[in-house]
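Quick notes on the structure that follows.
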Amino acid sequence: MSFPEFLESSQISVSNRSKGPNDDTSPIHLVLGNEAGDADSIISSLSLAYVNGRSSDFPNVPLVSIQRSDLPLRRDVVYLLDMAGVSTESLLYIDDHTVNDILRDAAPTSMTLVDHNRIKSSLSFLSDNISEILDHHEDECSHEHVTIDSGNRVIAFDKGLATVASTCTLVAERLLRELGSASIDRSLGLVLLGVILLDSVNMLPEAGKGTPRDESAIQALMNRTDWSTSPKRSPTLVGDDALRKIFPNGKDTMPDRTALFDALSEAKFDPKFWQEMSARDCLRIDYKRFSVEGESLVQAIGMSTVLLDVRSVLAKQHFHSTMADFVSAEDVDIFGVMTMHVNDGGTWIRELLLTGRDTSLVDVFAQYLLKHPDAAFLQIKEDMECLKDEKESMHTRIFSQGNVKGSRKQVAPVFLNYASSLSRL
């Protein structure tokens, strides 16, 4: 069964189960990415379910961890799936009624978490059903019944650094182990390759994202995938000119990795797309909520990644009031907007907006970022000019981040470690 056919069969399987008897307790295993639902989360979920399902006696069902209506905001994902012959209509989304039926019937369901290692709070009732974790973020030490010794807790993060740029690298490694000498399905190889290239920034040394494991996965996917077998569904969103660049020797041949990376990167970072996006969509398109353990003054932290410069974010219509509403709805004490863009000289720039409902807490976190040795590697400096003419709904501070390699994967643990030290007492 091809990768696209597997995804279609998963939707049919879940639909039939939903229509069946209410006491259906036949085993079903769900694979779920993190709530931000970026390319790595979505593709690693789809692909791992396919890989695991090859040797499983019961259905492995991948879930897209965002609402169905939100997928068009993930332009890189839509573009990549279109090239791979996958219909986004055939996928299962977290808000589908058939999926909700299964999630409510938690007893017979087991789960794999990919690209995160702590299930979001709204699904915490499923914690006991988690049987596997495959991730590359710092271990939050949740779901401790899933142990490293069992082989089911694989977290590629060591000494403050991810040892792979992408969870899709971990999926590719598992796929290669299980396949032996067999070739890789074209659609599966393409989506895994595309995401690893995105997350590793095509292994550019100056980006500092890729690792030797990522490059090994890229080479294996390039060389082991059967590029001669085209998917049944032809691309409808990717134009012929773009396809000729990506597949310069013909559509049934190996892609040019740089052209593939460039096409996906342009889809993801398109400034016009981000400029036209509403303030609310900007905040929620790549958002994660983190819970803080213990009796801390800070119980929850929210962090959004936005691919614009911070001034463009602030200039969006009703931005401050929209952000205040968003923070209230998410019920977080500290909220950060991590911005990233390329300046006119081709240099990557990172900035950070910090806000919250309690002015003193915002200022305490600001001083920690500016002064504490544990945050020094981020190279944080305050931008006093940026908010000079702004009318804020909440106390807000803006910073430049000199360490452009410090993504949310590195920044979130800094916030969480400090928050856990702020005792209510």
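Being a predicted model, the structure only gives us computed values, none of them experimental.
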Shortest non-hydrogen contact from [X] to [Y]?
X    : Y    : value
A165 : D199 : O-CB, 3.4 Å
G37  : I42  : O-CD1, 3.3 Å
D40  : H136 : OD2-NE2, 3.3 Å
H29  : M111 : CE1-C, 3.5 Å
G406 : V411 : O-CG2, 3.7 Å
E138 : P413 : OE1-CB, 2.7 Å

Checklist entry - Residues two or more places apart in sequence or in another chain: which of them pass salt bridge (charged side-chain N to carboxylate O under 4.0 Å, His left out) with E293? => result R118
Any Lys/Arg nitrogen of [X] or [Y] sitting under 4.0 Å from an Asp/Glu carboxylate oxygen of the other?
X    : Y    : answer
E330 : K120 : no
R397 : E382 : yes
R233 : E89  : no
K409 : D115 : no
R408 : D286 : yes
R54  : E178 : no

Using 30° and 60° as the class boundaries, would you call the ring planes of [X] and [Y] parallel, tilted or perpendicular?
X    : Y    : value
H143 : H145 : perpendicular
F365 : F415 : tilted
Y287 : F326 : perpendicular

Checklist entry - Is it the case that R74 places NZ or CZ above or below the six-membered ring of Y93, under 6.0 angstrom from the centre and within 45 degrees of the axis? => result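 No - R74 does not lie over the ring of Y93 by the 6.0 Å and 45° rule.
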Item to check | Residue among L192, I196, N202, N223 satisfying side-chain contact (heavy atoms from CB on, under 4.5 Å) with I218 | outcome: I196
